[in-house]
Amino acid sequence: MRIVFMGTPEFAVPSLERLIADGYEVAGVFTQPDRPKGRGNRLTPSPVKVCAAAHGIPVFQPERIRRDGVEDLKALRPELCVTAAFGQILSQEILDIPPMGNINVHASLLPRHRGSAPIAHAILQGDKKAGVTTMMMDKGIDTGDMLLRAETEIGETETCGELTERLSRIGAELLSETLKRLEAGTLERIPQNEAEMTYDPMLEKEMGEVDFSRTAGQVRGQINGLNPWPCASVPLPEGRLKLLRACETDEGGEPGTVLRADPKSGLIIACGERAVRILEVQAPGGKKMRAEDYLRGHAMQAGTRL
RNA sequence: CGCGGGGUGGAGCAGUUUGGCAGCUCGUCGGGCUCAUAACCCGGAGGUCGGGGGUUCAAGUCCCUCCCCCGCAA
């Protein structure tokens, strides 16, 4: 089967690799244009581009595929399109090109968490389970009929980055199974229950501001769910301290109060309900470290209000 | 040449402004105290201060250069 793949970040790479490994003819790959990134603002190719190039697959990077990618896509004559975190919305014109349709690998248990940051929001909202759903794309955003799904437990201290990595592999496996059954003609299309759907917004830096008057569960979700980007953080005199990983704990106090802060008992901060234990932090200019290590070199008084 | 922070015993930091015996909180090893302990007391080991070059009687500290790490902005 002749396939065109569309994807951009690391999450999409295992799916692309799986298509190749399964022996499908990947005629071309669409991905976001190289962007200035990191120190020095160097132009950086997306992970999917790097992967495609390594396999000698033609890469297309239209700024807007709806506007200037249509002809290239048509010329590739795909029988099927597969997308995974591509980052651009496809027009009906594009969706109509592949005769077998467009299959999307979406990192949530649809219809929950439609949108571009489903994994972060699953953690943010305190979900116990996350997953991947394969679906037929239609004109809406993540609204098409579902095909197959795979579930996994979200770990108590698991971060968005870690869960993303796991789901990317689960997604690749699910995609493989989906295509197998598509060819065998045993796929069922399951419409999404609109009553249960949630649509989550894109992540923004402002979401990192921690409000300790919320419950420990919500604060924990914010800290773990926003890692590695944009990350929850609290202001300190020397700059913002990123809180990278946390779990809940049974203590209490005035919300925002540092209940403990020493290398022995760690860093515990009171929330509106119960408290969170901060497991991992990153100081301004420093690297990630366990909270206990941070406290060996940075005095923090118990009783301080954040 | 986009802006900025940093590299000091095993971990995390101070010391660099104004050169002058390398320090703090832990860990580790040995001993003590205790019913007991991640607690407390006593003692010890462990560092070519990221690499190279230079200035100086003397460089972690000043000058030049290279390497590595991190944040911001995108």
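Here is the naming used below: chain letters follow the sequence lines, and residue numbers restart at 1 for every chain.
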Fill in: Side-chain N or O of K288(A) closer than 4.0 Å to phosphate OP1/OP2 of rC70(B)
no
Worksheet entry | R39(A) side-chain N/O to rG71(B) phosphate OP1/OP2 under 4.0 Å | yes
Determine the interatomic distance between [atom1] on [N] and the same-named atom on [M]; round to the nearest Å.
{"N": "rU37(B)", "M": "rG30(B)", "atom1": "P", "answer": "15 Å"}
{"N": "rA38(B)", "M": "rG12(B)", "atom1": "P", "answer": "24 Å"}
{"N": "rU61(B)", "M": "rG43(B)", "atom1": "C1'", "answer": "32 Å"}
{"N": "rG50(B)", "M": "rA14(B)", "atom1": "P", "answer": "13 Å"}
{"N": "rC21(B)", "M": "rC29(B)", "atom1": "P", "answer": "32 Å"}
{"N": "rU16(B)", "M": "rG6(B)", "atom1": "C1'", "answer": "14 Å"}
{"N": "rC67(B)", "M": "rG52(B)", "atom1": "C1'", "answer": "10 Å"}
{"N": "rA59(B)", "M": "rG54(B)", "atom1": "P", "answer": "12 Å"}

Among the candidates [options], find the nucleotide nearest to the side-chain atoms of [X].
{"X": "K264(A)", "options": "rA74(B), rC26(B), rC13(B)", "answer": "rC26(B)"}
{"X": "K37(A)", "options": "rG12(B), rG71(B), rA74(B)", "answer": "rA74(B)"}
{"X": "K287(A)", "options": "rC69(B), rA74(B), rG71(B)", "answer": "rC69(B)"}

Salt bridge flag under 4.0 Å for residues [X] and [Y]:
{"X": "R2(A)", "Y": "E25(A)", "result": "yes"}
{"X": "E63(A)", "Y": "R35(A)", "result": "yes"}
{"X": "E93(A)", "Y": "R66(A)", "result": "no"}
{"X": "R166(A)", "Y": "E162(A)", "result": "no"}

Worksheet item: For L43(A), which fellow cluster members are found when Ile, Leu, Val, Met, Phe, Trp and Tyr are connected by side-chain heavy-atom distances below 4.5 angstrom, either directly or through intermediates?
Response: none
To the nearest Å, how far apart are [X] [atom1] and [N] [atom2]?
{"X": "M289(A)", "N": "rG7(B)", "atom1": "CE", "atom2": "P", "value": "12 Å"}
{"X": "R240(A)", "N": "rG71(B)", "atom1": "CZ", "atom2": "C1'", "value": "13 Å"}
{"X": "Q282(A)", "N": "rG12(B)", "atom1": "CD", "atom2": "P", "value": "13 Å"}

Assigned partner base of [N], Watson-Crick or wobble definition, under 3.5 Å:
{"N": "rA45(B)", "result": "none"}
{"N": "rG2(B)", "result": "rC72(B)"}
{"N": "rA14(B)", "result": "none"}

Could you pull out all donor-acceptor pairs under 3.5 Å where a side-chain atom in residues 95-108 of chain A meets a protein atom, sequence neighbours excluded?
{"unit_1": "D96(A)", "atom_1": "OD1", "unit_2": "Q92(A)", "atom_2": "NE2", "d": "2.9"}
{"unit_1": "N102(A)", "atom_1": "ND2", "unit_2": "L95(A)", "atom_2": "O", "d": "2.9"}
{"unit_1": "N104(A)", "atom_1": "ND2", "unit_2": "T83(A)", "atom_2": "O", "d": "3.0"}
{"unit_1": "N104(A)", "atom_1": "ND2", "unit_2": "T83(A)", "atom_2": "OG1", "d": "2.6"}
{"unit_1": "H106(A)", "atom_1": "ND1", "unit_2": "S108(A)", "atom_2": "OG", "d": "3.1"}
{"unit_1": "H106(A)", "atom_1": "NE2", "unit_2": "G115(A)", "atom_2": "O", "d": "3.4"}
{"unit_1": "H106(A)", "atom_1": "NE2", "unit_2": "D142(A)", "atom_2": "OD2", "d": "3.2"}
{"unit_1": "S108(A)", "atom_1": "OG", "unit_2": "R112(A)", "atom_2": "O", "d": "2.7"}
{"unit_1": "S108(A)", "atom_1": "OG", "unit_2": "H113(A)", "atom_2": "O", "d": "3.4"}

Discussion item. Before you tell me yes or no, could you show the steps for N227(A) and E280(A) under side-chain hydrogen bond (donor to acceptor under 3.5 Å, both in side chains), namely the whole-Å CA-CA distance, both residues' side-chain angles and the distance that decides it to 0.1 Å?
Written reply: CA-CA 11 Å; N227(A) 176 351; E280(A) 212 174 303; 5.2 Å; no
Worksheet item: Heavy-atom contacts under 4.0 Å between residues 292-304 of chain A and RNA chain B, which residues?
Response: D293(A), Y294(A), R296(A), G297(A), H298(A)
Practice prompt. Kindly check if the number of other-residue, nucleotide or ligand heavy atoms within 6.0 Å of CZ (R42(A)) is above 12?
Written response: no
